[in-house]
Amino acid sequence: MAGKVKWVTDIEKSVLINNFEKRGWVQVTENEDWNFYWMSVQTIRNVFSVEAGYRLSDDQIVNHFPNHYELTRKDLMVKNIKRYRKELEKEGSPLAEKDENGKYLYLGLCVFHRLMFSVNIPRRPVQPWIMILSHRFKKCVPKDSKTSSFVSQSNKEAYVISLYINNPLLIGGRKFDLRLYVLVSTYRPLRCYMYKLGFCRFCTVKYTPSTSELDNMFVHLTNVAIQKHGEDYNHIHGGKWTVSNLRLYLESTRGKEVTSKLFDEIHWIIVQSLKAVAPVMNNDKHCFECYGYDIIIDDKLKPWLIEVNASPSLTSSTANDRILKYNLINDTLNIAVPNGEIPDCKWNKSPPKEVLGNYEILYDEELAQGDGADRELRSRQGQSLGPRAGRSRDSGRAVLTTWK
Amino acid sequence: MLQEESDLSLIIAQIVQKLKGSNLYSQLERQAWASLQRPEIKLESLKEDIKEFFKISGWEKKLQNAVYSELSVFPLPSHPAAPPEHLKEPLVYMRKAQGSWEKRILKSLNSMCTELSIPLARKRPVGEQKELLNKWNEMGTDEPDLSLFRPVYAPKDFLEVLINLRNPNYENGDSLSFRTHLGLIQVPLKVKDIPELKECFVELGLNIGQLGIDDSTQVPPELFENEHVRIGQKVLAQQDSAAAQQYIRQGSPTALRAELWALILNISSQPEDVLYYEQLKTNVIQHDLLVDSLIYKDVKLTASNDDYYFVFEDYLYQVLLCFSRDTSVLSHFAFNSASPPKSYIRGKLGLEEYAVFYPPNGVIPFHGFSMYVAPLCFLYHEPSKLYQIFREMYVRFFFRLHSISSHPSGIVSLCLLFETLLQTYLPQLFYHLREIGAQPLRISFKWMVRAFSGYLATDQLLLLWDRILGYNSLEILAVLAAAVFAFRAVNLMEVTSLAAAEAVLADLSTLKVMPLLQIFLFATVT
């Protein structure tokens, strides 16, 4: 029965609503029968919590995985990556190779070093550390010894101590970070797509590594939400550059090979982070998720993962931004809800190439395994520099990677 | 035959004269002296041996590049009896028009000066000097009050002057004939038509590989791109300016572009050049000029709001403020129809001994001037190199875009070329636009004056500027402008006002320049 898709959202953003309306979908409330729910992270917690006992039917799709926090909470991401590394080491995989200082050659992915619950900054640190809020939680104590209900007593905060990159790549003397969008339609087998139109977010204030400047939060934190309140924020370009600008600049000033290597490494980091959480992720077939990856590049052109956002901002700071986010949602919906029709979560989650829009296949585990798993190890070891990240010669292949 | 020979010897004499004063000369001399120690240099055949040594060690190549550079920049000498003004501009009426335009600009500058009671130049107090030195790398964060400053002129003011240019010796009668020019420019200069352009831009032909077309994702790189990159690397290894110029006509690979442009412009960053730049920087620190505020205002109005170039705001100040103080730029006025404005020390008006050029480099910036520098920031991140490249680009090309002259690459000729191409090959469109009061030049003028900077996407702009360097001519700007109109012709035919026509042509950021140029020149039925 071909009915109209019924949608609900608790995020009132025009880029979402315009996309739903353009498909002729019908808005309903969450208590009614809905097919598609674009929910905030708080709501997904409720939907999938043990108490709610929610059961999603075959024609219902939501935009988060139940335990996405395995990836998006910094402390859990660290845990998962460490576990993944240990597993690879145990298997004797060459990916887990370390150099003479004990540092991982290929898996030194991200900025986080240690998980801390108490503030215990090492004395005389060699490099500056910053504390990043990992998550807030309520410390709960039982109400009374007879019942099994709990009452929250205090708000606690868990922090992660992270290595501060004090040699970021500067362009025009400014610090910036990269925001890339990655869509995951399933974790097992892993199938993920990278949005071609990511962007760089520049600080409005000049970067200086002197410690007195560490207090100036406009210099160090590049999230637009904070930059917006700096005096120099510009509403026309919003302090943003497209990734293609970045590429042009780096190729022109640093050369093609190192630039291609950088982008290769960025893709590598993203795929490894997803692989690391894939075993623990609840691969609910009603779910897909669009993540916002924040990456920073140091002056040796090495990328570092800062964090992964499950709910990347859909607010638009400039006209270009609005267009980009609108197209992002459009392409995401085209992949997640094929043909814009009432979804059937049992489908194989393998959309035809034409609907990808600005997405490119980042990693498709099924395809990769079809080529033989040992190719991964061979080609990673003898990695050639610079595949053309933008070129696709065979349709359907994982185009962004030379390694599988 | 005799005439050619004497012409040639004149050219040689001039170039030798020019090079004798250059750094290269003293380096060659030093090298020649040093080579006497070498065993292969023998007293009997001193001259030939030293020449051989130069060839092997690559110094001959450097000399070749320098000579080639001079030939590209310096116009050919005219009749030996011609006065120096002829080198600037042979036509009297053009010189006069340029002169009165300059008077207007200077008047505007002086009146702004008087209104705001700001001196044209002043020495900075020591405290201010220290402050500026500290802030040198982040002048963009400065927020001086610029509300009272206005740009001295904008391109559209300049267009009005060009529209009113008339040759007093030319009379084409009152009756309209098919020869009557329907555009805005009414001076009879010779411009090329499409067959001549095809000959001139032969390397852009349909059966020749181009970067900007044949490196797209659908084309396998083995067909053209890989080989082209390989040749580019070879050209760079040889360090041959002339070869680089020929090579770049098919476009430059992004990774090689910075070096290729430096080679073509004959820029090598010597320690003396870095020192010179530092000297200019000191001048900026010590003295404040009124034009500095004009520069600030221009950058804030244009580049700071540009999606591509806002990142480099601080570099723009560092380049442009130094540029204003660079007196070596004055030498280009020998072949520029413009002349540097003169100012007089206070109280000594009219006394030549107290005359100075103002600004020191003789170039008064106008609205959009900073956009000449902005695209270069994508290629060079070292300030003194960036500065040198910009200065050379200016004295070779950009100055022609805002001075009145009859030169084929001058803005007047470009406007006429644009209008003629449109009128000849798209007559229906031209006539329609003229009828609705939307003369095409009114829209395309600003593109050409800025060499399309800020209108095209940066990668496309750089491909376009590759060709400017390759052909040593700005005519391609006029051809591109016409090609853009041709591309949007269908939409333009439906508009009924100037505003609507502007709207159709407001956004060029998605255009791909090489296919447009190729189609217009080589694939349009004429």
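Each chain gets a letter, A, B and so on, in the order its sequence line appears, and its residues count up from 1. The structure displayed is predicted, hence computed values, not measured ones.
Taking both residues in full, the closest heavy atoms of A:R174 and B:V311 are given as NE-O, 3.4 Å, listed atom of the first, atom of the second, then distance. The heavy-atom pair separating A:G172 from B:D314 by the smallest distance is O-OD2, 4.3 Å. The minimum heavy-atom distance linking B:F378 with A:N245 is given by the pair CE2-O, 3.7 Å. In terms of heavy atoms, A:W241 sits closest to B:D307 at CD1-O, 3.2 Å. Taking both residues in full, the closest heavy atoms of B:A258 and A:S252 are given as CB-O, 4.1 Å, listed atom of the first, atom of the second, then distance.
Proximity to chain A is absent for every atom of B:L256, based on heavy atoms less than 4.5 angstrom apart.
Taking the centre of each ring, A:Y249 and B:F312 come in below the 6.0 Å mark.
In terms of non-hydrogen atom pairs under 4.5 Å with chain B, the most contact-rich of A:T259, A:T242, A:I171, A:L250 is A:I171.
Residues B:T254 and A:L248 are in side-chain contact: their nearest non-hydrogen atoms beyond the backbone lie under 4.5 Å apart.
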